[in-house]
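Taking it in order: structure first as structure tokens, then the write-up.
Position 1 is the first residue of the sequence; numbering continues from there.
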Amino acid sequence: MSPGCKAIAPLLENNHPPPDLCEFFCKHCRERPRSMVVIEVFTPVVQRILKHNMDFGKCPRLRLFTQEYILALNELNAGMEVVKKFIQSMHGPTGHCPHPRVLPNLVAVCLAAIYSCYEEFINSRDNSPSLKEIRNGCQQPCDRKPTLPLRLLHPSPDLVSQEATLSEARLKSVVVASSEIHVEVERTSTAKPALTASAGNDSEPNLIDCLMVSPACSTMSIELGPQADRTLGCYVEILKLLSDYDDWRPSLASLLQPIPFPKEALAHEKFTKELKYVIQRFAEDPRQEVHSCLLSVRAGKDGWFQLYSPGGVACDDDGELFASMVHILMGSCYKTKKFLLSLAENKLGPCMLLALRGNQTMVEILCLMLEYNIIDNNDTQLQIISTLESTDVGKRMYEQLCDRQRELKELQRKGGPTRLTLPSKSTDADLARLLSSGSFGNLENLSLAFTNVTSACAEHLIKLPSLKQLNLWSTQFGDAGLRLLSEHLTMLQVLNLCETPVTDAGLLALSSMKSLCSLNMNSTKLSADTYEDLKAKLPNLKEVDVRYTEAW
């Protein structure tokens, strides 16, 4: 280690390096990435930067130094293994990282580094197609205006640091000219106009708005220079490493949900192919807070679901990832009909193709479309049936659907009692057996109080067309069941959920049941905020019991 660095090291033990020193460190990382100074002097400095509440908007040179340090690690003989060990050291040996600022700071550095890979191309956008042009096909480069130096305004790429929000919003003026990135665009004639759906007023993400059609994408080839290519590879690999940590994945999904990458990156096949690993990790995660981030942040804006679904600019697998995303979203979405409707309007072709290839998720989706009467066109219905009958799994599931439909018609046939009370300790299977024994088209009042039924019985309850009063007092009926009831039993007037394990996540779904006039939520996990929300959205609600809840 040089005498100068020995002298500097003690000064950095408790202080961040000032801007001028950061520039010197950056230069050292670029020119001598394999020197011991990088490991022995810079490592503790970078660790301290990442662990603290860092405003990279006010201290951009600290971010650049961190970026150059990581690139220097990547230049060592072990390369990415050294970077991986550094990330592991920042997370710590336990299942939960003890430093809450490490992840957002690392993501901020990654986003800035990836942005820099495309910066020359971004700065010459007078000669670059927009993402919309890429999707719809655009003119050959020779038909576009020649590249000219142009003064543009563009925002800084640091979209993560919360403290930097205001300062990063300032626009910087730059003189641009692209020399390192080459783009070739081939015109396609297969593009279709996007279909749009009416926006809803629900507070949760509206799946109809989220599932917009993405027209077929043109072939676009972006070639980065050697240094930009190495930088991109390093930092996309870091995002992949971050997605492997269970405790970091929810926050990472939230930070990436707005798709904080330039459109040039999204049109770059290498980038989207490598980032696909991260999206797969989100799609495989059972937590709704993670996989719901695959959807767009607001109506009218694409999310990762659109980009990686067939027809999206990032899809390269004929829809296998799309099927995985549909499977996980379908399992956590209580607006099943809206979800199916949006798929039928926008992605029916890919769904049928995947079902034809034996994908079980898509076979289930097609069966549900038929069961919920999503498809109005008779020819399309027949085509779906033919698709289902072309595979063994499809044929089996379609036969089961037909059996259920016959049972449903018998169940809903007018007749039977108007009131019914199941004996104490009855189970989901007992209820299913009873309802399959005859007609219950007249049933208006059903009491399952003090039985052992769970949310699983909801699939039987939603088949009762005349049901107006439902008593679930002291059962194990939970949020999943409530979500299903809220979509189908819109005429329900009285609902007793006293001493059930329901939470805000399920109770909020009741806001769509406009006919409710009596609701018992005594001894549930109801919060005051959810109670206020329900009162505002249920105009006919006259009787409410919220004793022994937070809202009491």
Side-chain angles (χ1 to χ4, degrees), residues 1-13 16-17 21-52 54 56 59-93 97 99 101-119 180 223-245 248 252 265 268 270-271 273-275 277-278:
M1 187 185 302
S2 68
C5 288
K6 284 184 177 180
I8 292 174
L11 300 176
L12 299 175
E13 287 183 2
H16 293 314
L21 196 54
C22 277
E23 287 190 5
F24 172 74
F25 288 174
C26 288
K27 184 177 179 182
H28 187 95
C29 287
R30 285 191 291 265
E31 295 180 355
R32 301 183 61 193
R34 296 170 179 265
S35 74
M36 292 305 296
V37 172
V38 173
I39 300 296
E40 295 181 7
V41 179
F42 294 169
T43 297
V45 178
V46 172
Q47 288 175 332
R48 187 161 49 252
I49 290 172
L50 292 175
K51 288 178 181 178
H52 285 75
M54 188 54 55
F56 285 135
C59 310
R61 290 174 184 173
L62 285 178
R63 181 182 61 198
L64 184 60
F65 166 49
T66 305
Q67 179 180 327
E68 294 292 347
Y69 165 81
I70 292 174
L71 289 175
L73 294 185
N74 196 42
E75 291 294 322
L76 299 176
N77 291 336
M80 205 60 219
E81 282 302 312
V82 181
V83 176
K84 184 176 181 179
K85 288 180 180 178
F86 174 73
I87 299 296
Q88 288 174 340
S89 73
M90 295 307 304
H91 179 275
C97 177
H99 306 289
R101 288 304 305 170
V102 166
L103 177 69
N105 283 339
L106 273 173
V107 174
V109 172
C110 288
L111 294 182
I114 291 171
Y115 184 94
S116 70
C117 296
Y118 301 93
E119 194 159 19
E180 191 176 342
E223 294 181 13
L224 301 181
Q227 181 57 41
D229 194 63
R230 286 194 296 272
T231 299
L232 180 68
C234 175
Y235 280 97
V236 173
E237 194 65 29
I238 290 176
L239 290 177
K240 291 160 72 174
L241 292 173
L242 299 179
S243 72
D244 283 334
Y245 289 96
W248 275 353
L252 179 64
H268 187 192
K270 178 178 179 179
F271 173 76
K273 188 173 183 178
E274 291 297 318
L275 194 69
Y277 178 88
V278 177

request  = Could you check Leu103 against Cys97 for side chain to side chain contact (heavy atoms under 4.5 Å, CB included), going step by step and ending with a plain yes or no?
outcome  = CA-CA 9 Å; Leu103 177 69; Cys97 177; over 6 Å; no
task = Evaluate side chain to side chain contact (heavy atoms under 4.5 Å, CB included) for His268 paired with Leu232, printing each intermediate quantity in order.
result = CA-CA 11 Å; His268 187 192; Leu232 180 68; 3.8 Å; yes
ask   = Given Leu252 and Tyr245, is the side chain to side chain contact (heavy atoms under 4.5 Å, CB included) satisfied, shown in steps?
value = CA-CA 10 Å; Leu252 179 64; Tyr245 289 96; over 6 Å; no
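Annotation: side chain of Thr43 is not in contact with side chain of Val38 (no heavy-atom distance under 4.5 Å). The closest side-chain heavy-atom distance from Arg61 to Phe56 is not below 4.5 Å. Side-chain contact between Tyr235 and Leu71 is present, with heavy atoms from C-beta onward closer than 4.5 Å. A heavy-atom distance below 4.5 Å is not found between the side chains of Asn74 and Val82. You'll find the side chain of Lys51 stays beyond 4.5 Å of the side chain of Arg101, heavy atoms only. Taking the side chain as every heavy atom from C-beta outward, Gln67 and Ser116 approach each other to under 4.5 Å. In this structure, the side chains of Ile114 and Leu239 come closer than 4.5 Å at one or more pairs of heavy atoms.
To the nearest 0.5 Å, the span separating SG on Cys22 from CG on Leu62 amounts to 4.0 Å. Here the straight-line distance linking atom OH of Tyr69 with atom CD1 of Ile39 works out to 5.0 Å at 0.5 Å rounding. To the nearest 0.5 Å, the span separating CG on Leu64 from CD on Glu68 amounts to 5.0 Å. Atom NE2 in His99 sits 6.5 Å away from atom CE in Met90 (nearest 0.5 Å). In this structure, CD1 on Ile238 lies 4.5 Å from SG on Cys110, to the nearest 0.5 angstrom. Note that the CG atom of Leu241 and the CH2 atom of Trp248 stand 9.5 Å from one another [nearest 0.5 Å].
Looking at every heavy atom in both residues, Leu242 comes nearest to Leu106 through CD2-CD1, 3.9 Å. What you find for Cys29 and Phe65 is that their closest heavy atoms are SG-CE1, 4.3 Å. When all heavy atoms of Leu76 and Pro33 are compared, the pair lying nearest together is CD2-O, 3.8 Å. Scanning all heavy atoms of the two residues, the minimum distance from Leu224 to Cys117 falls at CD2-O, 3.6 Å. The two residues Val109 and Arg63 have their closest heavy-atom pair at CG2-CG, 3.9 Å. Across all their heavy atoms, Leu275 and Val236 have their closest contact at N-CG1, 4.0 Å.
Crowding of Lys84 atom NZ: a count of heavy atoms from other residues, nucleotides or ligands under 6.0 Å not exceeding 12.
If you check the side chains of Asp244 and Tyr277, you find a donor sitting under 3.5 Å from an acceptor. Side-chain atoms of Asn77 and Arg34 form a donor-acceptor pair, as typed in the model, at a separation below 3.5 Å.
With sequence neighbours excluded, the residues forming a salt bridge (Lys or Arg N to Asp or Glu O under 4.0 Å) with Arg230 are Glu75, listed by chain and number. Take Glu81 and apply the salt bridge (Lys or Arg N to Asp or Glu O under 4.0 Å) test, not counting sequence neighbours, and it matches no residue.
Between the Asn105 side chain and the His52 main chain, a donor and an acceptor come within less than 3.5 Å of each other.
The aromatic rings of Phe42 and Phe25 are tilted relative to each other, their planes meeting at an angle between 30° and 60°.
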